[in-house]
Amino acid sequence: MAGLCFEFSEEQRMLEDSVVRWAYDWLEPQMEHMYEIDEMPADLFKQTAGLGINGIVFEEKYGGTAMGYVETTLAYESIARVSNALSMTVGASQTLCFDNFRRNATEEQKMEVLPKSVSGEWIGCLGITEPNAGSDAMSLATRAEKKGDKYIVNGSKIFITNAPVADFFTFYAKTEPEKGPHGISAFFVKLDEVKGKGFTCEKIKKWGMRTSPTGLLTFEDMEVPEDQLIGGLNKGVAVLTSGLCTERITLCGCTLGSQRRCLEDSLRYAKERVQFKKPIASFQLIQGKLADMYCDYKASRWMAYSAASYCDSLENKTGGKGTDLDRVSAAALLYCGEKGTKIGLDAVQIHGGYGYCQEYAVTRHFLDQKLWEIGAGTSEVRRIIIARELMRDDFASGR
Ligand SMILES: Cc1cc2nc3c(=O)[nH]c(=O)nc-3n(C[C@H](O)[C@H](O)[C@H](O)COP(=O)(O)OP(=O)(O)OC[C@H]3O[C@@H](n4cnc5c(N)ncnc54)[C@H](O)[C@@H]3O)c2cc1C
């Protein structure tokens, strides 16, 4: 009788081993300092290119390795065992920006852009959120007005991961505002062509996710050639939604890596730290926390990888409103995000006063984890999506 397979393949394990080894050897020694000065390691994307994870789902003709979203999530989990923030930075470039571009751009556009992302030459960023359009993304106010063979862009974007260091930027703007969501289009720009010419970026200071640079962008009569539209005029919502499910699923990897690290470090610390002449691991109140952390991590992993595996099984690997993948992916990130915060809090508690100081990795992981209840759609928005898809007439409770 065939059973359910809960194991990674040999190839997936090799990928995990190589990324984890690199993260501990190359990233770990720099993290405390980089977190303090809030700087991304300069060679990060060249390094991830060397690991073969920049174009992990891209077809080989673009230089990619043609793997799936399970492998992407696993790569992000492996980086996040050392840095949740840098795993998010890699995900923002490779999944949010370049993978969604791959889904929607023309062949000519892809041949020009994707190999540069795979090699690590270009870092990408994606701009949806605006100061007055967060959860209600469709109310965005950035305007792109056609003048001859160009669009003139005015407006702003906020909280854009990688913007301060990026080379390539995909974003959404209203091309026909009177049409509401049906008047939104997607564009790309090469940032060295617009810097100082109507484009400015200000780095935002954050208390968590440090090392992952975040920008506030302003566009004042920024010119974008008309052939830099992605997916056609007024097709922005289709472009945007085509990437949301894979974004939510793969970003679960960021929180999973931190969950695992918090559990491992807490276990080690609890066995070493002696109070009342005993290791604190011998106290049942500490054991209870460790047991809960383990269960939450195991359940989060199942939610994330079963969603990734389901996505990989679909022909077009895409979701959107009215699909099971929409519910499954929102549920995975909702669960991983909330459990991640709880595990981070427990890890700090087990480390006592030392957990409140910067030299322990659990402190960074705890600060980073909270983002996953906010970024990529908040927990509230994810619950709204899950409930909407549960109430569909054709909902079948098996998945
Ligand atoms: C570090 C970081 C990195 C980010 N990276 C990117 C990026 O690369 N690109 C990008 O485009 N965006 C990015 N974001 C933006 C992120 O996606 C938004 O912050 C998020 O979507 C929420 O929007 P908001 O912050 O405006 O909150 P709001 O939408 O103002 O929400 C405030 C609160 O109200 C709740 N709320 C809103 N509407 C409802 C409702 N209908 N029912 C119940 N509750 C509701 C929310 O859940 C939240 O708790 C990033 C954010 C951060 C902090």
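Because the structure is predicted, anything quoted here is derived from the model rather than measured. No hydrogens, no waters, no symmetry mates; every other heavy atom, side chains included, goes into these values. Whatever order the structure lists them in is the order used to number ligands and atoms, beginning at 1.
- Distance check on atom 30 (O) of ligand 1: every protein heavy atom falls at or beyond the 4.0 Å cut-off.
- When the options T129, T378, T170 are ranked by their closest heavy atom to atom 15 (C) of ligand 1, first place goes to T129.
- Comparing heavy-atom distances from atom 52 (C) of ligand 1 across T161, L371, L140, I160 singles out L371 as nearest.
- Across the listed options W372, F159, F171, F159 owns the non-hydrogen atom lying nearest to atom 7 (C) of ligand 1.
- The pair R21-D17 does not count as a salt bridge, with every side-chain nitrogen at least 4.0 angstrom from each carboxylate oxygen.
- Contact annotation: for A92 versus ligand 1, there are no heavy atoms closer than 4.0 Å.
- With respect to K46 and E121, no salt bridge is recorded, no charged nitrogen being found less than 4.0 Å from a carboxylate O.
- Interface atoms of ligand 1 facing G134, defined by a heavy-atom separation under 4.0 Å, are 23 (O), 24 (P), 26 (O), 29 (O).
- Residue contact check for ligand 1: K206 places a non-hydrogen atom closer than 4.0 Å to it.
- Under a 4.0 Å N-O distance rule, the pair R268/D265 qualifies as a salt bridge.
- Protein heavy atom closest to atom 27 (O) of ligand 1, with residue, atom name and distance, is S135 OG, 4.3 Å.
- Within the 4.0 Å heavy-atom shell around ligand 1 one does not find D136.
- Contact check on E264 versus R261 returns no salt bridge, with no Lys/Arg side-chain nitrogen under 4.0 Å from an Asp/Glu carboxylate oxygen.
- Scanning the protein heavy atoms around atom 45 (C) of ligand 1, the nearest turns out to be E380 CB, 4.3 Å.
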If you look only at distance, which donor and acceptor atoms sit under 3.5 Å apart when one is on a side chain in residues 206-219 and the other is two or more places apart or in another chain?
{"residue": "K206", "atom": "NZ", "partner": "M209", "partner atom": "O", "Å": "3.2"}
{"residue": "K206", "atom": "NZ", "partner": "S212", "partner atom": "O", "Å": "2.7"}
{"residue": "K206", "atom": "NZ", "partner": "T214", "partner atom": "OG1", "Å": "2.8"}
{"residue": "R210", "atom": "NE", "partner": "Y35", "partner atom": "O", "Å": "2.8"}
{"residue": "R210", "atom": "NH1", "partner": "K206", "partner atom": "O", "Å": "3.3"}
{"residue": "R210", "atom": "NH2", "partner": "Y35", "partner atom": "O", "Å": "3.3"}
{"residue": "R210", "atom": "NH2", "partner": "E36", "partner atom": "O", "Å": "2.7"}
{"residue": "S212", "atom": "OG", "partner": "T89", "partner atom": "OG1", "Å": "2.8"}
{"residue": "T214", "atom": "OG1", "partner": "S212", "partner atom": "O", "Å": "3.4"}

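- The pair E226-K146 meets the salt-bridge criterion, with a side-chain N (NZ, NE, NH1 or NH2) lying under 4.0 Å from an Asp/Glu carboxylate O.
- Within a 4.0 Å radius of atom 1 (C) of ligand 1, the protein contributes at least one heavy atom.
- Aromatic pair W302/F6: centroids less than 6.0 angstrom apart.
- Against a heavy-atom cut-off of under 4.0 Å, I384 is close to the following atoms of ligand 1: 40 (C), 41 (N), 42 (N).
- A heavy-atom distance below 4.5 Å is not found between the side chains of D292 and I343.
- Every residue meeting the ring pair (Phe, Tyr, Trp, His ring centres under 6.0 Å) condition with F188, not counting sequence neighbours, appears here in chain and number order: F101, F168.
- Below 30°, between 30° and 60°, or above 60°: for F187 and Y151 the angle between ring planes is above 60°, a perpendicular geometry.
- Each of the atoms 17 (O) of ligand 1 lies under 4.0 Å from some heavy atom of A376.
- Of all protein heavy atoms, the one closest to atom 20 (C) of ligand 1 is I374 O, 3.5 Å.
- Taking a 4.0 Å cut-off on heavy atoms, L126 registers as neighbouring ligand 1.
- Each of the following atoms of ligand 1 lies closer than 4.0 Å to a heavy atom of I128: 10 (C), 11 (O).
- Contact annotation for atom 34 (O) of ligand 1: protein absent (non-hydrogen atoms, distance under 4.0 Å).
- For the pair D192 and K190, the salt-bridge criterion is not met [side-chain N within less than 4.0 Å of a carboxylate O].
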